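The structure displayed is predicted, hence computed values, not measured ones. Naming convention: chains lettered A, B, ... in sequence-line order (proteins, then strands); numbering from 1 in each chain.
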Amino acid sequence: MGGLKRSHSCNDLGPELVGQEVTLMGWVLRRRDHGGVIFIDLRDRRGITQVVFSPEVNEPVHAKAHRLRSEWVIAVRGRVSRRPATMENPNLATGAIEILADELRLLNASQTPPFPLDEEMEVSENLRLKYRYLDLRRPAMAANLILRHQAVQAIRAYLNSHDFLDIETPVLTKSTPEGARDYLVPSRVNPGKFYALPQSPQLFKQLLMVAGMDRYYQVVRCFRDEDLRADRQPEFTQVDMELSFVEEEEIYALIEGMMATLFRETIGVALAPPFPRMSYAEAMGRYGTDRPDTRFGFELVALTEAVRNCGFQVFRQVVEKGGLVKAINASGCGDFSRKDLDDLTAHVAQFGAKGLAWVKIKENGDWQSPIAKFFTDEERAGMAGILTAAPGDLLFFVADQPAVVHQALSELRLELARRLKLLDSRQYSFVWVTDFPLLEYDQEAKRYAAVHHPFTAPQEEDLELLATEPGRVRSRAYDLVLNGTEIGGGSIRIHRKDIQERVFAALGINADEAAEKFGFLLQALEFGAPPHGGIAFGLDRLLMILAGRDTIRDVIAFPKTQKATCPLTDAPSEVARKQLTELSLRPDWK
RNA sequence: GGAGUCGUAGUUCAGUUGGUUAGAACGCCGGCCUGUCACGCCGGAGGUCGCGAGUUCGAGUCUCGUCGGCUCCGCCA
């Protein structure tokens with residue numbers, strides 16, 4: 001750099017520095033060449049400063065500036081100059097000043113970038129990922145990484161001040177049954193055996209509690225070999241924590257404080273804890289999902305009893321077969337077109353709904369609906385009353401088995417909210433969802449499976465149901481939901497071996513299998529395991545919401561495509577035959 | 001495993017019912033320009049229409065397959 005040293009960033013020059021000589025280093029964002037005078041917008045990750053090359057200041061330097069191109073890396077030495085009042089740029093933090101260049105060093109040239117970096121133009125994701133280092137130069141993307149840094153710092157500071165220890169856990173660990181598909185790593189030293197990458201440090205953090213560490217946290221990478229989504233990557237980051245000698249209330253308060261700190265210190269939003277709470281049963285009943293978006297209404301209303309003996313066969317038969325009939329009052333949507341209704345019907349069809357009955361309430365209260373004729377006046381009035389229907393309203397009904405009704409109406413209310421633009425990304429609606437079932441019946445495997453994970457404690461008063469009606473046992477698990485996204489979840493754990501064994505029994509895991517898969521945990525529980533519990537947050541999802549983005553890829557420096565590839569490095573890739581034989585792997589696909 | 005959608009210049013897109021030489025904007029290259037900040041003006045270059053078959057006198061356009069991006073279902077304790 002020829003003895004030059006950067007004195008300031010491209011964002012911290014103001015009128016107070018007028019007359020001072022500074023040296024900036026950065027990338028050429030744009031060149032405006034007027035022949036006589038040349039303007040360069042110089043960019044680094046902190047901001048943009050205008051540099052002026054004038055023949056009156058330094059003719060050779062001015063001549064040199066003609067050659068500058070986009071994304072060239074340069075060093076500029078010059079004097080800070082106040083801009084004439086009419087030429088200030090209010091869009092730039094440094095818009096009151098400019099640099100009169102007296103020296104220009106070309107630190108590196110650049111090819112013309114494959115896509116423009118200077119605006120918010122939508123560029124194909126493939127190209128952005130292939131040239132991610134260019135994509136990340138764009139101020140919006142840089143801001144996401146900066147936000148991520150600030151968020152992690154705020155969380156660490158909060159947990160450090162609450163006496164937590166940051167302890168690392170293994171990345172090469174043991175594959176365990178249940179849960180997501182594992183990423184496997186073959187062991188060279190132990191032919192035919194495999195490590196698994198952790199889906200979460202669950203067992204290790206429990207062992208740390210047995211070890212007396214009391215309060216543990218880690219910002220930790222986790223791996224799940226499942227199909228990707230906008231909010232799911234094969235590797236993602238958890239803020240993982242575990243505490244001894246606590247119960248639910250202490251964890252709720254701790255986390256509410258952490259969220260308040262996080263939101264204040266990153267985006268300057270003041271949250272107002274405590275957050276509302278809702279049981280799983282209530283969430284399913286009112287919203288049809290265990291992660292309700294509580295920013296808007298359109299709640300589900302049960303009509304099963306009201307239609308049990310009604311004249312509409314479709315509803316009656318569903319009820320007779322043990323199904324549900326539920327409805328949403330899309331208040332004020334009576335002007336939806338036939339196409340709107342068709343689109344919404346198609347939308348709920350993807351979630352298994354065989355139909356979507358609708359009713360428009362006319363000015364005189366009459367029903368405009370394909371199904372109006374199947375009901376008596378009394379039946380219509382009864383349902384309208386339950387739904388508090390008023391003229392101009394639009395009612396939607398779904399009749400089916402409970403899971404279908406709930407999913408269809410849950411997705412319907414989200415789609416309605418999107419269409420009506422009710423989703424304000426600057427509104428932050430938290431809710432704790434509690435009292436989850438401990439187990440659910442897996443139709444395919446013909447056995448019960450853990451809703452949360454197998455180490456979640458059952459609620460004391462439901463313990464006796466474990467052997468008789470396992471599906472009715474409630475757990476001490478909780479999720480924190482923000483704007484319809486599950487951002488974190490955890491539970492009070494089982495710390496007694498006898499209860500852990502009873503849960504394994506309910507899961508159909510026999511003693512031998514339990515010993516083989518989790519023997520180390522069971523043994524640890526016999527060596528003075530303290531009562532403990534914890535929670536883990538999906539850092540990427542949390543950041544997506546903080547950044548107002550709709551995919552976690554935008555808050556991850558180097559994410560993967562939906563096919564789990566990396567266009568930048570071309571991972572995954574083939575490996576040499578020798579590498580496979582060293583690992584005792586004998587591929588048979590060629 | 002399945003559904004949808006997109007793929008045309010470096011980028012973002014348009015391209016009619018299948019019809020002659022595939023367009024625009026931005027970017028790029030050259031020239032002019034002393035106050036711009038998405039500078040302006042003049043000129044120019046730039047295309048395997050993702051790939052492969054098929055239908056047709058003729059395919060960017062229709063059909064089938066395939067590859068890739070994205071969204072979703074299943075899956076994700």
J.: Taking B:rU21 as the reference, what is the distance to B:rC73 when you measure between their C1' atoms (whole Å, please)?
T.: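 47 Å, rounded to whole Å.
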
J.: Is A:Arg553 close enough to B:rU71 that one of its side-chain N or O atoms is under 4.0 Å from OP1 or OP2 there?
T.: yes

J.: Run the side chain to side chain contact (heavy atoms under 4.5 Å, CB included) test on A:Arg128 and A:Met141 for me, step by step, so that the C-alpha distance in whole Å, both residues' side-chain angles and the decisive distance to 0.1 Å come before the verdict.
T.: CA-CA 11 Å; A:Arg128 287 173 57 198; A:Met141 289 300 291; 3.5 Å; yes

J.: Touch check for A:Ala449, heavy atoms < 4.0 angstrom, all strands: base, sugar-phosphate only, or nothing?
T.: nothing

J.: With a 4.0 Å cut-off on heavy atoms, is A:Pro55 in touch with a base, just the backbone sugar-phosphate, or nothing at all?
T.: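 Base: the residue A:Pro55, judged by heavy atoms under 4.0 Å, touches a nucleobase.
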
J.: Check each of A:Asp540, A:Asp554, A:Asp231 against A:Arg549 using the salt bridge (Lys or Arg N to Asp or Glu O under 4.0 Å) test, and report the only one that passes.
T.: A:Asp554

J.: Write down the distance between CD (A:Glu415) and P (B:rC72), rounded to a whole number of angstrom.
T.: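 That distance rounds to 12 Å.
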
J.: Check for me: is A:Phe39 stacked on B:rU36 by the 5.5 Å centroid and 30° plane-angle rule?
T.: yes

J.: Under 3.5 Å, is there an N or O donor on one side and an acceptor on the other linking the side chain of A:Arg224 and the base of B:rC76?
T.: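 Result: no qualifying N/O pair found.
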
J.: Could you give the CG-to-P distance, from A:Asn91 to B:rC37, as a whole number of Å?
T.: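 Rounding to the nearest Å, CG of A:Asn91 and P of B:rC37 are 11 Å apart.
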
J.: What nucleotide among B:rU34, B:rC72, B:rU12 has an atom nearest to a side-chain atom of A:Val123?
T.: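 Within the option list, the nearest is B:rU12.
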
J.: If the C1' atom of B:rU11 is compared with that of B:rG47, how far apart are they to the nearest Å?
T.: 14 Å

J.: Establish whether the base of B:rC75 is bridged to the side chain of A:Arg232 by a donor-acceptor pair shorter than 3.5 Å.
T.: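 Yes.
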
J.: I want to verify a distance call: between B:rC75, B:rU34, B:rG69, whose nearest atom is closest to the A:Thr561 side chain?
T.: B:rG69

J.: Counting only heavy atoms not in A:Arg338, do more than 12 fall under 6.0 Å of its CZ?
T.: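 No - once you tally the heavy atoms of other residues, nucleotides and ligands closer than 6.0 Å, there are 12 at most.
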
J.: Taking the nucleotide of RNA chain B with the closest heavy atom to each, which residue, A:Ala564 or A:Glu226, is nearer the 5' end?
T.: A:Ala564

J.: Is A:Thr565 near enough to B:rG69 that one of its side-chain N or O atoms lies under 4.0 angstrom from OP1 or OP2?
T.: yes

J.: Calculate the interatomic distance between A:His453 atom NE2 and B:rC76 atom P; express it in whole Å.
T.: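 Atom-to-atom, A:His453 to B:rC76, this comes out as 16 Å.
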
J.: Any idea which of B:rC33, B:rC75, B:rU36 is nearest the A:Asp33 side chain?
T.: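 In terms of side-chain proximity for A:Asp33, the closest of B:rC33, B:rC75, B:rU36 is B:rC33.
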
J.: Provide the distance between the two C1' atoms, one in B:rA59 and one in B:rC49, to the nearest whole Å.
T.: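 My reading of the C1' atoms in B:rA59 and B:rC49 gives 11 Å.
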
J.: Using purine N1 to pyrimidine N3 plus N6-O4 or O6-N4 for Watson-Crick, or N1-O2 and O6-N3 for G-U wobble, each under 3.5 Å, what pairs with B:rA3?
T.: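 Base-paired to B:rU71.
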
J.: When the C1' atoms of B:rU16 and B:rC72 are considered, how many whole Å apart are they?
T.: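 My reading of the C1' atoms in B:rU16 and B:rC72 gives 32 Å.
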
J.: Indicate whether OP1 or OP2 belonging to B:rC39 is found under 4.0 Å from a side-chain N or O atom of A:Arg30.
T.: yes

J.: How close or far is atom C1' of B:rC70 from atom CZ of A:Arg549, stated in whole angstroms?
T.: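 It is 16 Å, rounded to the nearest whole Å.
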
J.: Is the phosphate of B:rC39 approached by A:Arg32 (side-chain N or O, under 4.0 Å from OP1 or OP2)?
T.: yes

J.: With a 4.5 Å heavy-atom cut-off, do A:Arg413 and A:Leu300 have their side chains touching?
T.: yes

J.: Just to confirm, is there a sub-4.0 Å distance from OP1 or OP2 of B:rC29 to any side-chain nitrogen or oxygen of A:Arg69?
T.: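 Yes.
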
J.: For B:rG35, does the base pair up with any side-chain atom of A:Glu98 as donor and acceptor (N or O, under 3.5 Å, distance only)?
T.: yes

J.: When the P atoms of B:rC26 and B:rG69 are compared, how many Å lie between them, rounded to an integer?
T.: 32 Å

J.: With heavy atoms under 4.0 Å as the rule, sort A:Gln562 into base, sugar-phosphate or nothing.
T.: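 A:Gln562: base contact, heavy atoms under 4.0 Å.
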
J.: State plainly whether the residues A:Glu98 and A:Arg82 are in salt-bridge range, i.e. N to O under 4.0 Å.
T.: no

J.: State which of B:rG35, B:rC39, B:rC72 makes the closest approach to the side chain of A:Ala230.
T.: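 Closest nucleotide among those given: B:rC72.
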
J.: What integer distance in Å separates A:Asp479:CG from B:rC76:P?
T.: 16 Å

J.: Got A:Val473 and A:Leu439 here, is their nearest side-chain heavy-atom distance under 4.5 Å?
T.: no

J.: Whole Å only: how far is the CG atom of A:Leu228 from the C1' atom of B:rG74?
T.: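 Answer to the nearest Å: 14 Å.
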
J.: Just the rounded figure in Å: distance from C1' of B:rC72 to CG of A:Asp550.
T.: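 Rounding to the nearest Å, CG of A:Asp550 and C1' of B:rC72 are 14 Å apart.
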
J.: Distance check needed: B:rG68 P versus A:Leu129 CG, whole Å only.
T.: 15 Å

J.: Heavy atoms, side chains only, cut-off 4.5 Å: are A:Phe436 and A:Asp479 in contact?
T.: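 With C-beta onward as the side chain, the pair touches.
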
J.: Can you name the one residue among A:Asp182, A:Thr176, A:Thr173 that meets side chain to side chain donor-acceptor pair (under 3.5 Å) with A:Gln199?
T.: A:Asp182

J.: Select one nucleotide: of B:rU34, B:rU12, B:rC75, the one nearest the side-chain heavy atoms of A:Ser124.
T.: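 Of the candidates, B:rU12 comes closest.
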
J.: A:Leu127 near the nucleic acid: base, sugar-phosphate alone, or nothing, with a heavy-atom cut-off under 4.0 Å?
T.: sugar-phosphate

J.: Taking the C1' atom in each of B:rG19 and B:rG15, what is the distance between them to the nearest angstrom?
T.: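 It comes out at 14 Å once rounded to the nearest Å.
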
J.: Using the side-chain heavy atoms of A:Glu125, tell me which of these nucleotides is nearest: B:rA38, B:rG69, B:rG30.
T.: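 Within the option list, the nearest is B:rG69.
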
J.: Closer to the 5' end of RNA chain B via nearest nucleotide, is it A:Thr551 or A:Gln50?
T.: A:Gln50

J.: Across all strands shown, which nucleotide pairs with B:rC41 by Watson-Crick or G-U wobble geometry, both distances under 3.5 Å?
T.: B:rG31

J.: What nucleic acid atoms does A:Pro454 come within less than 4.0 Å of, heavy atoms only: base, sugar-phosphate, or nothing?
T.: base

J.: Suppose we call a contact any N or O donor and acceptor under 3.5 Å apart; does that hold for the side chain of A:Asp227 and the base of B:rC76?
T.: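 Flag unset: no donor-acceptor pair detected.
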
J.: For atom C1', what is the distance between B:rC67 and B:rC76, given to the nearest Å?
T.: 26 Å

J.: Taking all non-hydrogen atoms of both residues into account, name the closest pair between A:Ala196 and A:Leu184 and its distance.
T.: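 Scanning both residues completely, I find the closest heavy atoms to be CB-CD2, 4.1 Å.
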
J.: Stacking between B:rU36 and A:His34, yes or no? Criterion: centroid separation under 5.5 angstrom, plane angle under 30 degrees.
T.: no

J.: Counting only Watson-Crick pairs (N1-N3 plus N6-O4 or O6-N4) and G-U wobbles (N1-O2, O6-N3), all under 3.5 Å, who is the partner of B:rC76?
T.: none

J.: B:rG69, OP1 or OP2 - any side-chain N/O from A:Lys563 closer than 4.0 Å?
T.: no

J.: C1' atom, B:rG27 versus B:rA38: distance in rounded Å?
T.: 12 Å

J.: Write down the partner of B:rA24 under the Watson-Crick or G-U wobble criteria, each distance required to be under 3.5 Å.
T.: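 Partner of B:rA24: B:rU12.
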
J.: For the base of B:rG69, is there a side-chain donor-acceptor partner from A:Arg128 under 3.5 Å away?
T.: no

J.: Any donor-acceptor pair under 3.5 Å joining the side chain of A:Arg31 to the base of B:rC39?
T.: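 Such a pair does not exist between side chain and base.
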
